[in-house]
Amino acid sequence: MSKPKALAVVGPTASGKSALGMALARQLYGEIVCMDSMQIYKRMDIGTAKPTQAERATVPHHLVDIVEPGEAYTVARYAEDAQRVMEEITSRGALPILVGGTGFYLQALTQGLTLGGVQSDPQVRERLKAMAQDEEGKRLLHERLRAVDPVTAARLHPNDITRVSRALEVYELTGIAMSAQEQPEFDSPFEIFRIGVAMERSVLYQRIDARVDAMMAQGLLEEVKALLTEDVSPQAQAMQGIGYKELVPVIQGLYPLENAVSDIKRNSRHYAKRQMTWFRRDGQIYWLKPDQDNTEAQALAIARAFWEGTQA
RNA sequence: GCCUUGGUAGCUCAGUCGGUAGAGCAGUAGACUGAAAAUCUACGUGUCGGUGGUUCGAUUCCGCCCCAAGGCA
């Protein structure tokens, strides 16, 4: 028996993924599954460019607004949530359409998280991070990893304390080095066809600038203020999102708004660039250039062929 | 009109006691296995404003010119 099918629409921020995803959903009896690490948070609408209520009323959307802004969420949870939702959609005879720019989430869905279910432990994490305050601390932390897991230490830069800490965490929690962990076979239950929006860099950057200005006009500052008022910690994961972390010091009166806005634009460009690096490496994406061809029609044609195509 | 201070990488600036120059940011490329909008790595040639002069050699010193900011009339 062949696997159920799903579509994924990926690309950098502000490239028009959402619109394309919705167009495909309308034509193909699809339902959108959000694949964005920030749109999952409630009350973070403007800064995450979440689909509007009107849009969500037209096309079913899933995994949007599923956690509180103060809550932590992980790739692992996403992989579970997304898989569950996709199964539900499939059971209705509809086509799941993953839309979003979080490449890591797509990877978790398609390749699985092969670390044998080693979870994260906030306490261990906190402790390790505290050790890496200065250059010497970073060096020692890396040194420590080298002692228990030389393979992983070799591929990680001492400055990358997030990954060095994670590797140490895995070892502390299981007694087995990350590089020695068993890698269970993972077979994705879905056949996922990936469509990428490849927008020309300069055009994309202009769109990012325009979108940030639009977000400010829509009241992003008020949105961030409201989150702080309801006691969401500036340290919270949700507050590390672009457009949020830059506005917190503005609200605290520590940083000029004008500078924060240009920081948001710059950080969005950097983010878009990282996304492109990630998706370029994917190797299984069917790229469409919106500035060159009629993306929607073409995307629809290939998506339809995939969706309705008979399997051998 | 005169005086002062500037004019060096896309931007902000450092520097060369005369031997054709380097930081931060921007930008580009890359990594990514339970934080991923996070985290991290690598990459720096540009008529040193223009033009004459001094000099073996000038972006550096001198003259003139242009431009900008400030001051005085």
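In the text below, chain A, chain B and the rest are named by the order of the sequence lines, each starting its count at 1.
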Just checking A/Arg125: base, sugar-phosphate only, or nothing, at a heavy-atom cut-off of under 4.0 Å?
base

OP1 or OP2 of [N] less than 4.0 angstrom from a side-chain nitrogen or oxygen of [X], does that happen here?
X        : N     : value
A/Lys245 : B/A38 : yes
A/Ser120 : B/A35 : yes
A/Arg166 : B/A36 : no

Nearest heavy atom decides the nucleotide; on that basis, is A/Met276 or A/Arg266 closer to the 5' end of RNA chain B?
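Counting from the 5' end, the first nearest nucleotide belongs to A/Arg266.
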
Do [Y] and [X] meet the salt-bridge criterion of a basic N to acidic O distance under 4.0 Å?
X        : Y        : answer
A/Glu230 : A/Lys225 : no
A/Lys245 : A/Asp263 : no
A/Arg269 : A/Asp209 : yes
A/Arg146 : A/Glu143 : yes
A/Asp36  : A/Lys50  : no
A/Glu169 : A/Arg125 : yes

To the nearest Å, give me how far apart [atom1] ([X]) and [atom2] ([N]) are.
X        : N     : atom1 : atom2 : result
A/Gln275 : B/G30 : CD    : C1'   : 16 Å
A/His270 : B/U28 : NE2   : P     : 8 Å
A/Lys129 : B/A38 : NZ    : P     : 13 Å
A/Leu106 : B/U33 : CG    : C1'   : 14 Å

Report yes if a donor N or O on one partner sits less than 3.5 Å from an acceptor N or O on the other, where the partners are the side chain of A/Arg163 and the base of B/A38; otherwise report no.
yes

Expressed in whole Å, how much space separates the [atom1] atoms belonging to [N] and [M]?
N     : M     : atom1 : result
B/U8  : B/G71 : C1'   : 26 Å
B/G46 : B/U54 : C1'   : 26 Å
B/A21 : B/U41 : C1'   : 26 Å

Partner set under salt bridge (Lys or Arg N to Asp or Glu O under 4.0 Å) for A/Arg211, not counting sequence neighbours
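Residues passing salt bridge (Lys or Arg N to Asp or Glu O under 4.0 Å) with A/Arg211: none at all.
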
In dot-bracket form, how is RNA chain B paired, counting a Watson-Crick or G-U wobble pair only if both its distances are under 3.5 Å and using | for bases paired to another strand?
(((((((..((((.....[..)))).(((((.......))))).....(((((..]....)))))))))))).

